Amino acid sequence: MKQLLKKTLVLLICITMAGCTSMRVVADGRDAVDTVARDATQGLHAGETLLVHTRDGLPQEMVFVRTDGAVLVGQADSAELRIEVTSVVRIERKEADGWKTAGMVGGVVAVLTALAAAAAHSMAKDVGNAYGNMLSGKGGR
């Protein structure tokens with residue numbers, strides 16, 4: 001039973017870690033992309049994970065570093081990635097999602113509570129059977 005609890009806990013932690021973020025649209029359309037890319041107070045901040053959609057239809061994920069004139073500069077697979085702002089049609093940002101996080105935490109707590117209750121019930125039943133066998137003289141010596 002302990003092995004099952006350990007494996008379930010590891011699985012739930014993995015699911016929770018993967019499920020707490022969402023991609024949020026930062027800029028959709030040429031004008032919005034231009035505004036976000038040029039105005040540091042409105043948009044992109046170093047260290048954010050972005051999904052940049054270009055006119056050629058290939059979305060590229062990167063960790064944003066800076067804007068260099070009319071170019072978005074970031075890191076992707078340990079290499080510098082440079083994307084011309086004029087070719088960008090949409091920018092999305094990876095953000096923590098409060099509802100997903102709350103749902104995952106609630107789900108993890110519910111599953112762990114159910115498993116703990118099942119384990120306690122099983123152990124109590126085993127102790128009760130052993131005690132009953134000792135009283136009836138069927139076991140113990």
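Keep in mind that this is a model prediction, so the values were computed, not measured. Numbering of residues begins at 1 and proceeds along the displayed sequence.
Side-chain contact between Thr86 and Arg55 is present, with heavy atoms from C-beta onward closer than 4.5 Å. The side-chain heavy atoms of Ile91 and Leu44, taken from C-beta on, include a pair separated by under 4.5 Å. With contacts defined as side-chain heavy-atom distances shorter than 4.5 Å, the pair Arg66/Leu72 does not qualify. Between Glu61 and Thr49, some side-chain heavy-atom pair lies under the 4.5 Å cut-off.
Within the 3.5 Å criterion, the main-chain N or O of Pro59 finds no donor-acceptor partner in the side chain of Arg90.
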Taking only distance into account, with no hydrogens and no angle test, what donor-acceptor pairs under 3.5 Å do side-chain atoms of residues 75-84 form with protein atoms, sequence neighbours excluded?
unit_1	atom_1	unit_2	atom_2	d
Arg82	NH2	Asp68	OD2	3.0

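With sequence neighbours excluded, no residue satisfies side chain to side chain donor-acceptor pair (under 3.5 Å) with Ser87. Residues meeting the side chain to side chain donor-acceptor pair (under 3.5 Å) test with Glu48, sequence neighbours left out: Arg93.
In the hydrophobic clustering of ILVMFWY residues, with side-chain heavy atoms under 4.5 Å counting as a link, Val85 and Val73 come out apart.
A donor-acceptor contact under 3.5 angstrom links the side chains of His53 and Glu92, judged on distance only.
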